[in-house]
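Here's the structure, in structure tokens; my notes come after.
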Amino acid sequence: MIKLRILAVSVVLLLASAAIDGSAQNAQLASPGIDARVESLLKQMTLEEKIGQTVQYSAGFATGPSASNLTYDELVAKGSIGSMLNVVGAERTNHFQHIAMEKSRLHIPIIFGLDVIHGHRTTFPVPLAIASTWDTAAAETVARVSAEEARADGIDWVFSPMVDISRDARWGRIIESNGEDPFLSSALARAWVKGYQQSDLSKPDSVAACVKHFAAYGAVIAGRDYNAVDMSELTLRQVYLKPYHAAVEAGVATVMTSFNSLNGVPTTADPFLQTQILRKEWGFNGFVVSDWGAVGELKNHAIGDGPTVARKALEAGTDMDMEGNLYATDLAGQIRSGKIPESVIDEAVRRILRVKFALGLFDHPFTAVSPAYTPTPERRAIARKVADETMVLLKNDPVSGSAALLPLSPSLKTVALIGPMADDALNLQGAWTVTGDPKNVITLKAALSKRLGDKLLYARGCGLLSPEDSAALRGVTFTGTTSGPSAPVLDGQQAIAQAVEAARKADVAILALGEPTNWMEGEAASRTTLGFTGAQQQLLEAVVATGKPIVLVVLAARPLELKWAAKHVPAILQAWSPGIEAGPAVEDVLFGDVNPSGKLPLSFPRAVGQEPLYYAQNPNGRPANGDLSRMPHNAQEKMVSRYMDEENSALFPFGWGLSYTRFSYSQPTIDHAEIPMHEVTQNHQPVVTVSVDVKNIGSLAGTEVAQLYIRNTSASVEQPLRELKGFSRITLAPGETKHVTFPLGFDELNFYNAGLKKTVEPTTYDIWVGGSSLATAATTLKIIE
Ligand code: NOJ
């Protein structure tokens, strides 16, 4: 009988999920067993206890402005707190959990959340760097290791992955993203969720993931953090929503709202996003948490007073109030008076409890205290391998007629290592790590000294900030941001002169430049310029003036303006923020122990004025096809979509990345050059396959990321000039050829029409395959009536 009932329930669930767009539900959260436990508990809860479940406080440290100063022990004992963030370490989480389990009336465990952004104790490269691997397995591994380490520290829930499409390098949070492209970002979103949750939240080393920030936070106007977003629903659906949807389809247990408003509605109070799209269309069945203080900040958006905005947020579908303190104070009266139906809070509590049950928190609420963390050789090896893969070789020209400058020759007698990033553990670690310890970071100076001994000359050259800014910020700290060296360091002309001297004495100079990741990257770190900070450009120019061969290693996790460098420096390696294995990973690539394989997950501009810059732009009526590097000479050259003072194209385009070997692509072929439309629309399986042979035509083994782009040449709504729709990472021995196939079907070919319906129409798709978004090897696919 019981079996029959379960069967009946699952049939209903299957039918319910058939009505939604994709099989988005997390099956575990829909389990009848969990449902029964939730319902039985809910029946016993008072209104105050229900509200308590929707309240989250930061009881450790603040990652935003603080809303309260309360005694957490008492609140937990009263059942007034459902979740805590920023409480790290088994002793500390157990402290609160014991109170919840032993002193609160219903013994409901706390769920502990934390920003685990690029590793927990082991700091990996930042997410944007990981995106440049185009290696979903790498992202999954990072998430897997992070989950194990977080769980050992009492953390059940990580506020990651951040999948906001990021097309504006002025926005500091670009470093937390997967870059500009919905296809790549969606693939990575799935991998992060899988690594954290292992498709089974009840495993002792799984954590609940939290996809954020819902939605479209990456499109804040002018790249200024927390600013408004204004975009068409078509672009929202076609581009920005895709990675969040991918995470939901991968079963993500929670979603975080964003700080921005979208088309005039703050997302934290937006029923269209939280209820219509997320739950009704996608079938999301986890819970939604606000971003830090975002419920309270609705008052600043001027959409109502405290009680009004608390009601709006809850009714929109924001189930938990992170450090906002409004649900705790402003809901009970409105529910008692009937202004908010009790069913609304019940539903929020159900969603939260389901995740707690699925994580096994009721049955295993405590965490065994583990020994203090030190990075093991195994963890270091993983961190190094991932960091190796993130390195993008932007440029590698021959120097004075001989071979390309990189990899560096083992016969070099003297190497100068210059620049403020060379020995800066804190900034090499990268922005936004709560538990990462700079002491674990092996710097470039440490790694290269070990390799080269006396052959290495080192000069810092300048600081990352101007001497005035450094002095003003010395000693200033807040979470995730410290001011760097506490003692004054040599700066100014004398320091640059020392660096020039070192370069003169050396056969080659490696310049390690970047930006102060802990001040100028991540949250609240927007910029209006994208040049090197402080005196670094001056340092670069002075060292280049020596005439010595220069390798520029860019240690910044956003696209900087590299136009001057690209013109004057023969070799440029984009190394991002590599984490604890920074030095060894850069060393691996500079000396050729590892052949670089990273590809840019976003476009690098020539000038900041091009931002937001992305390759998948829509066509316009006056395309600029001529030579844009000079002033226009006639109306044909002038009256087109262009800048007067700069080219339109990226300096280094999306998908770009060189190798120490070379790859050739055959003419791509397609198994059906024409296909009837109904075959594409009637099933969501691939209907054609594009194939290409990729050959390693150099003398070293190497890894290539073969990329497939399409253009819909005739649609009822204009379509981008190119869109990524497939990629494949392949490793080839010298002379080896691999046959690579790309399946295409409705999922890759569809677009949103003017009625906002996903559609495929009769048309011809141009298709290119190659090693970047500039790919030229082409074929076509015709969709016929
Ligand atoms: C604010 C950030 O926007 C979000 O990404 C983070 O998870 C929360 N603070 C919690 O610290």
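Order of listing sets the numbers, starting from 1, for every ligand and every atom in it. If you're wondering where the values come from, they're calculated on a predicted model, not measured in any experiment.
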Residue [X] vicinity, atoms of ligand 1 by number, heavy atom under 4.0 Å:
X	result
Met256	4 (C), 7 (O)
Lys212	4 (C), 5 (O), 6 (C), 7 (O)
Asp115	6 (C), 7 (O), 8 (C), 10 (C), 11 (O)
Phe159	7 (O)
Trp292	9 (N)
Asp291	1 (C), 2 (C), 3 (O), 4 (C), 6 (C), 8 (C), 9 (N)

Could you tell me how the ring of Tyr244 sits relative to the ring of Phe214: parallel (under 30°), tilted (30 to 60°) or perpendicular (over 60°)?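 Tyr244 and Phe214: perpendicular rings.
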Once you measure the plane-to-plane angle for Phe259 and Tyr217, does it fall in the parallel (<30°), tilted (30-60°) or perpendicular (>60°) bin? perpendicular
Member of Ser132, Ser185, Ser166 meeting the side chain to side chain donor-acceptor pair (under 3.5 Å) criterion with Asn178: Ser185
Greater than 12 external heavy atoms within 6.0 Å of Arg224's CZ: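 No.
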Does a sphere of radius 6.0 Å around NZ in Lys242 hold more than 12 heavy atoms from other residues, nucleotides or ligands, not counting ones at 6.0 Å or beyond? yes
Centre-to-centre under 6.0 Å for Trp292 and Phe159, is that the case here?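 Not close enough - the centres of the two rings lie 6.0 Å or further apart.
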Ring centre gap for Phe124 and Trp576 strictly below 6.0 Å: no
At a non-hydrogen distance cut-off of under 4.0 Å, which region of His213 contacts ligand 1 (side chain, backbone, both, or neither)? side chain
Mark the output for Arg173 as yes if a heavy-atom distance to ligand 1 is under 4.0 Å, and as no if none is.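 Arg173: in contact with ligand 1 (<4.0 Å).
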Please verify whether a non-hydrogen atom of Glu323 lies at under 4.0 Å from ligand 1.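 It does not; every heavy atom stays at 4.0 Å or beyond.
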